[in-house]
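Every number for a ligand or one of its atoms is a count from 1 in the order of the listing. Everything numeric in this text was worked out from a predicted model, so none of it was measured.
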Amino acid sequence: MSDDTNTTTVDQLTLQDPVKRYPSITPPAEALPGTGLDAEMTPKADLGEKSYRGTGRLEGRKALITGGDSGIGAATAIAYAREGADVVITYLPEEEKDAKKVAAIIEAEGRTVGTVPGDLRDKAFAKTLVDEAVKTLGGLDILVNNGGKQVATESFDDIDDEQLEATYDINILAMFRLVRAALPHLEPGATIINTTSIQAYSPSATLIDYASTKAAINNFTKGLAEQLAPKGIRVNAVAPGPIWTPLQPSGGQLPDDLPEFGKSTALGRAGQPTELAPAYVFLASPESSYVIGETLNVNGGMPTP
Ligand code: NAD
Ligand code: MG
């Protein structure tokens, strides 16, 4: 069972020591089954359920978030709702339990929420998903491309074609398809935010396939940003460092590396998903009107180019 040692009730606007905002965790060296459920994490991750405080920064906005059931996407969905947005989340069907929890939190804010299970590898899903989101929300003005796959391998030879193709399909090809499906609905003022990674610049030896998709996402973000800026649509990326989400203990790290997860950052601890949410809020909000093609690093102090 999970514990509550990571859950803070102190909101993100209260002055606090970033070193001590969360404890330095030492997760067990054992893997979660499948793609991992937030509900099964030990220690528990903080999605901001009890702490994220909105200040009206996304009033009336309509957001679609992939991988919005858990981790960074769930923390972003909760923050968006508390900032006044209506939200549709999509996720793998087997992660329905997590999605329902996030949906209940959004509903409790009095916002509209849609839950759309599906597989980002399915070429037809992008259009079905966007159509469903537009129907639920009455339009679309924020697309967060966040769903992703990360599988650590001891050796290069362990990256088989199935893993290689699934990782590229989910992490980068799905972004092309989702943007293509979303564009006809996006008006000036709309924003697209892609989740990349510190791995885009500092690839781990155990994550060669994953890290190379993240480098592609950085490049994709900049090129797309240039193309869409004249239309009034801003594209940016967020590059997380080591964040405690189901992706990591479900094969994203080799089990023996889990107890050390996040300890090599300057803050000496892993980040919690809710610590990412303000970056996604900022890039979605009109206050970032002159920020285009940027990669906002949220990584506990790991040097980036
Ligand atoms: P997570 O497991 O909570 O979220 C990933 C989500 O992607 C899953 O919840 C799942 O719903 C979705 N997903 C996976 N495969 C899918 C598929 N085939 N079809 C549809 N949806 C699918 O983990 P997270 O860490 O919050 O991941 C979110 C993003 O953050 C990912 O792009 C990941 O690469 C990125 N990221 C994470 C970290 C980290 O340390 N956790 C660091 C850098 C980047
Ligand atoms: Mg999940």
Exercise for review: Using modelled atom types only, decide if a donor and an acceptor are shared between the side chain of S285 and the backbone of V281 within a distance under 3.5 Å.
Suggested key: no

Point to revise | Sidechain N-carboxylate O distance under 4.0 Å for D169, R177 | key: yes

Study note, to complete from the structure: Protein neighbours of ligand 1 with a heavy atom under 4.0 Å, given by chain and number, are G67, D69, S70, G71, I72, Y91, L92, E95, G118, D119, L120, R121, N146, G147, G148, I170, T195, T196, S197, Y210, K214, P240, G241, P242, I243, T245, P246, L247, Q248, F261

Check your understanding: Could you give all pairs that pass the ring pair (Phe, Tyr, Trp, His ring centres under 6.0 Å) test and reach residues 186-219, with sequence neighbours left out?
Key -> none

**Study point:** Residues E132 and K127 bridged, charged N to O under 4.0 Å
**Key:** no

Review point. Under 4.5 Å between any side-chain heavy atoms of Y80 and D86, yes or no?
Key: no

**Study point:** Test item: side-chain donor near acceptor, T195 and Y280, under 3.5 Å
**Key:** yes

Let me have the donor-acceptor pairs involving side chains of residues 219-229, under 3.5 Å, with sequence neighbours excluded, atom names and distances please.
from, atom 1, to, atom 2, distance (Å)
T221, OG1, N194, ND2, 3.0
T221, OG1, I217, O, 2.7
K222, NZ, G293, O, 2.9

Review point. What number of protein N, O or S atoms occur at distances under 2.8 Å from the Mg ion (ligand 2)?
Key: 3

Review point. Are a donor atom and an acceptor atom from the side chains of R234 and S289 found within less than 3.5 Å of each other?
Key: no

Exercise for review: Check the side chains of T213 and N171 for a donor-acceptor pair under 3.5 angstrom, ignoring hydrogens and angles.
Suggested key: yes

